[in-house]
A.B. asks: 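Handing you a structure now.
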Amino acid sequence: MANRRFVAICLLVCGIVALALAQQSSITAESLRTWLTYLASDELEGRATFSEGLGLAGAYIADQLKEAGVKPGGDQGTYFQRVEVLGIKSTNHSSVTIDVNGQKRTFNDGEGVTFARNVGGKRVFTIHEVEFAGYGLDLNQQHNDYDGLDVKGKAVVWLGPRGPRGTDERQSGRLLRSRAAFAVDEMGAAAVIGPQAEIGGQRGGGRGAAPAADFTTAARLDSPLPASVTATDDFLEFLFSGSEIKYEALKAKAQQQEDLPRFTLTGVTLTFNLDADYQVVNTRYTRNVIGIVEGADARLKDRHVAFGAHYDHLGYLQGDLPAGRTDRIYNGADDDGSGTAALIGLARTFARAPKTKRSLIFIWHAGEELGMHGSKYFTDHPTVPLDKIIAQLNMDMIGRNHDNLALESNTVYVVGSDRISSELHQILLGANAGLAKPMTLNYRLNEPTDPARVYYRSAHYSYAAKGIPIVFFTTFLHPDYHRVTDSVEKIEFEKLAHIAQLVYETGRRIANLDHDPVRDFKGPHLAVGSAAN
């Protein structure tokens, strides 16, 4: 009887200890400092995507994973996934046919319309609903052309290079330049049309292409993309020819920044023929670093919670230094050395803690600074089935206070937690409430009207675009962002450890659910008001 009582007590103690270990991340400020001091050192020369410095960083991360018993999750039993970054020359044969009350005209690329150089895979589709959305802007309470307007699956047209009168072009610059992406990504449009020189950027492109390339990408070239075109006056005059308000009148109002009406272009259909031939003119290789901690539940271990950060940065200035400057290396201690170090801590802690039901995959993405190449490549070429990844938690710049504000010493900005899965958002809230010192969760950057468009600007979006629920953690910008002064001595290591603990606890709870987080796509407003903001 005494022996049974002793065994029972031992089991109880072991259970309490295991529970305590599961609920408390052992990531310390000291360990984070050790890892980040090397990752942000001059020795790594700024960790540019195609550099020896990034290779050294990747090898260092792999060593930390191996030492802790984290299993390789990359190619051929290694910790590395080779990422192909392609420079593409596009020969575009795309066209759009406008039917206005039975009158038809076809406009070929370069003849009245210009298509994005990357039109994705070849396809033909017809849109029967075309909406004129004024300036195509949502500036929150100041101005919202989409208020009460449903454009999902429709074509959206807008005018005006500067927005309505009173628009602060400096503050709203990114929103003005990204109206095409906003209409597609935020509002669900199937096609976007703006006047020439107004639709900026090419979907799927990035910086760093060879001169002969039209765009650079690590994403698949055969994936379907929405149609995105700029149009001449000739095209737009015909498009609005059946409307009560003609194009010339709308153009004049837009030039004077007057209020623009919104209306449906009745009797109009658009048939898009997206057709481009792609020639690879430049190939470069970089590497994602991937580790896996296997789950313990026989039924659920084939499903994964993904954790991510990007480990590349900007490299170093290669030309003459400006007068008075002696430092040419962009060390990237916060961007995203902080997330990289935290991810090392998470992987090592999970490897040594009681196993979760589901498996955990840790991915250090390369090439984020050049166009999210690593995350786009992984989500198109996953090393575990993408439909087995139930959530992704991403960290980018989590080691400082926004604008160095002391009042934000306990604040982390949370983006995307509610957009795809409202249940994931509630899990995050519960994880935060369970910390010894809950953090202040700020949701300002989660708003559709966020002028910085943060939801679309880090590796998590490659997963969200595939329908995977995500949470993005950041402490946002500061005066050292993308400067050589982003150095390790400015990192708030206690805060960094605190955020890593929040990510750990959130991920642990997700991995131990008896079901996958529900994907209900309620959008980006659930979080506001549900906790401190």
Side-chain angles (χ1 to χ4, degrees), residues 35-36 38-41 43-68 70-88 204 206-210 216-220 280 282-293 304 306-316 330-332 335-344 346-348 360-384 386 389 392 394-396 458-463:
W35 300 322
L36 187 52
Y38 175 72
L39 291 166
S41 67
E43 182 180 346
L44 270 60
E45 298 177 346
R47 308 189 308 276
T49 294
F50 303 107
S51 72
E52 179 184 10
L54 191 70
L56 291 172
Y60 180 79
I61 294 167
D63 286 345
Q64 298 302 317
L65 300 181
K66 184 177 181 180
E67 192 272 336
V70 179
K71 293 186 176 182
D75 301 331
Q76 300 175 339
T78 72
Y79 289 102
F80 305 107
Q81 178 189 40
R82 189 171 74 175
V83 176
E84 289 188 343
V85 182
L86 306 178
I88 304 296
R207 295 173 288 173
T216 302
T217 188
R220 293 175 61 110
V280 178
N282 178 266
T283 300
R284 287 175 292 177
Y285 295 136
T286 186
R287 299 189 299 182
N288 292 330
V289 185
I290 306 174
I292 290 178
V293 174
H304 295 76
F307 300 79
H310 75 88
Y311 74 112
D312 64 297
H313 195 51
L314 302 178
Y316 58 89
Y330 295 98
N331 299 103
D335 186 12
D336 183 28
S338 58
T340 296
L343 192 56
I344 293 173
L346 287 165
R348 289 171 62 91
L360 311 171
I361 184 167
F362 305 88
I363 309 165
W364 289 260
H365 302 102
E368 191 271 353
E369 298 287 3
L370 300 183
M372 300 194 296
H373 292 324
S375 59
K376 288 178 180 177
Y377 190 86
F378 179 86
T379 53
D380 275 351
H381 306 87
T383 59
V384 299
L386 204 65
I389 296 178
Q392 198 265 354
N394 187 46
M395 300 167 288
D396 191 348
S458 192
H460 59 274
Y461 184 65
S462 298
Y463 296 82

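Residue numbers start at 1 and run along the sequence shown. Reckoned from all heavy atoms, side chains included, excluding hydrogens, waters and symmetry mates.
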A.B. asks: Please name all residues satisfying salt bridge (charged side-chain N to carboxylate O under 4.0 Å, His left out) with R348, sequence neighbours left out, ordered by chain then number.
C.D. replies: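 Residues passing salt bridge (charged side-chain N to carboxylate O under 4.0 Å, His left out) with R348: E67.
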A.B. asks: Answer yes or no: is there a donor N or O on one side and an acceptor on the other, between the side chain of S458 and the main chain of H460, under 3.5 Å?
C.D. replies: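 No, the answer is negative, given that no donor and acceptor are paired below the 3.5 Å cut-off.
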A.B. asks: Pick one: which of Y463, Y461, Y311 meets ring pair (Phe, Tyr, Trp, His ring centres under 6.0 Å) with H365?
C.D. replies: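 Output: one option passes, namely Y463.
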A.B. asks: Does the gap between the ring centers of F362 and H304 come in under 6.0 Å?
C.D. replies: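 No, the ring of F362 stays outside the 6.0 Å limit from the ring of H304, centre to centre.
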A.B. asks: Are any non-hydrogen side-chain atoms of H373 and E84 less than 4.5 angstrom apart?
C.D. replies: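 With C-beta onward as the side chain, the pair stays apart.
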A.B. asks: Which residue pairs pass the side-chain hydrogen bond (donor to acceptor under 3.5 Å, both in side chains) test when at least one of the two sits in residues 46-59, sequence neighbours left out?
C.D. replies: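 Sorted result for residues 46-59: empty, none.
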A.B. asks: May I ask you to test the L56-Y38 pair for a side-chain heavy-atom distance under 4.5 Å?
C.D. replies: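 L56 vs Y38: side chains touch.
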A.B. asks: So W364 and L65, do their side chains get closer than 4.5 Å, heavy atoms only?
C.D. replies: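 They are in side-chain contact.
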A.B. asks: Can you sort out the partners of H310 under side chain to side chain donor-acceptor pair (under 3.5 Å), two or more places apart, ordered by chain and number?
C.D. replies: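 Listed in chain order: D312, D335, E368, D396.
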A.B. asks: Just do the side chain to side chain contact (heavy atoms under 4.5 Å, CB included) check on W35 and I61 with the steps written out, would you?
C.D. replies: CA-CA 9 Å; W35 300 322; I61 294 167; over 6 Å; no
A.B. asks: I want to check something: taking the side chain as every heavy atom from C-beta on, are V70 and I292 in contact at a cut-off of under 4.5 Å?
C.D. replies: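 No, too far: nothing below the 4.5 Å cut-off.
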A.B. asks: Is the number of heavy atoms from other residues, nucleotides or ligands under 6.0 Å of Y60 OH greater than 12?
C.D. replies: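 More than 12 within 6.0 Å, yes.
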A.B. asks: Can you confirm whether I361 sits close enough to F307 that some side-chain heavy atom of one is under 4.5 Å from a side-chain heavy atom of the other?
C.D. replies: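 Sidechains of F307 and I361: no contact.
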A.B. asks: Pairs in or reaching into residues 71-82: which pass side-chain hydrogen bond (donor to acceptor under 3.5 Å, both in side chains), with residues at least two apart or in two chains?
C.D. replies: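 Pairs touching residues 71-82 that pass the test: K71-E294, Q81-N288.
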A.B. asks: Between CZ of F50 and CZ of R287, what distance do you get to the nearest 0.5 Å?
C.D. replies: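 Taking CZ in F50 and CZ in R287, the distance rounds to 13.0 Å.
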A.B. asks: Which residues pass the ring pair (Phe, Tyr, Trp, His ring centres under 6.0 Å) test with Y330, not counting sequence neighbours?
C.D. replies: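 Y330 satisfies ring pair (Phe, Tyr, Trp, His ring centres under 6.0 Å) with no other residue.
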A.B. asks: So, taking the atom named CG in N331 and the one named CD in E43, what distance separates them when rounded to the nearest 0.5 Å?
C.D. replies: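 Answer for the CG-CD pair, N331 versus E43, is 12.0 Å.
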A.B. asks: Please determine whether side chain to side chain contact (heavy atoms under 4.5 Å, CB included) holds for the pair V83 and Y285, giving the CA-CA distance in whole Å, both sets of side-chain angles, and the decisive distance to 0.1 Å.
C.D. replies: CA-CA 6 Å; V83 176; Y285 295 136; over 6 Å; no
A.B. asks: Do V85 and T286 make a side-chain contact, defined as non-hydrogen atoms from C-beta onward lying under 4.5 Å apart?
C.D. replies: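 They are in contact (side-chain heavy atoms under 4.5 Å apart), so the answer is yes.
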A.B. asks: If the condition is side chain to side chain donor-acceptor pair (under 3.5 Å), which residues does T340 pass it with, not counting sequence neighbours?
C.D. replies: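 Partners of T340 under the side chain to side chain donor-acceptor pair (under 3.5 Å) test: none.
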A.B. asks: Measure the spacing between CD1 of I389 and CD1 of I363 and express it to the nearest 0.5 Å.
C.D. replies: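 Here the interatomic distance stands at 5.5 Å.
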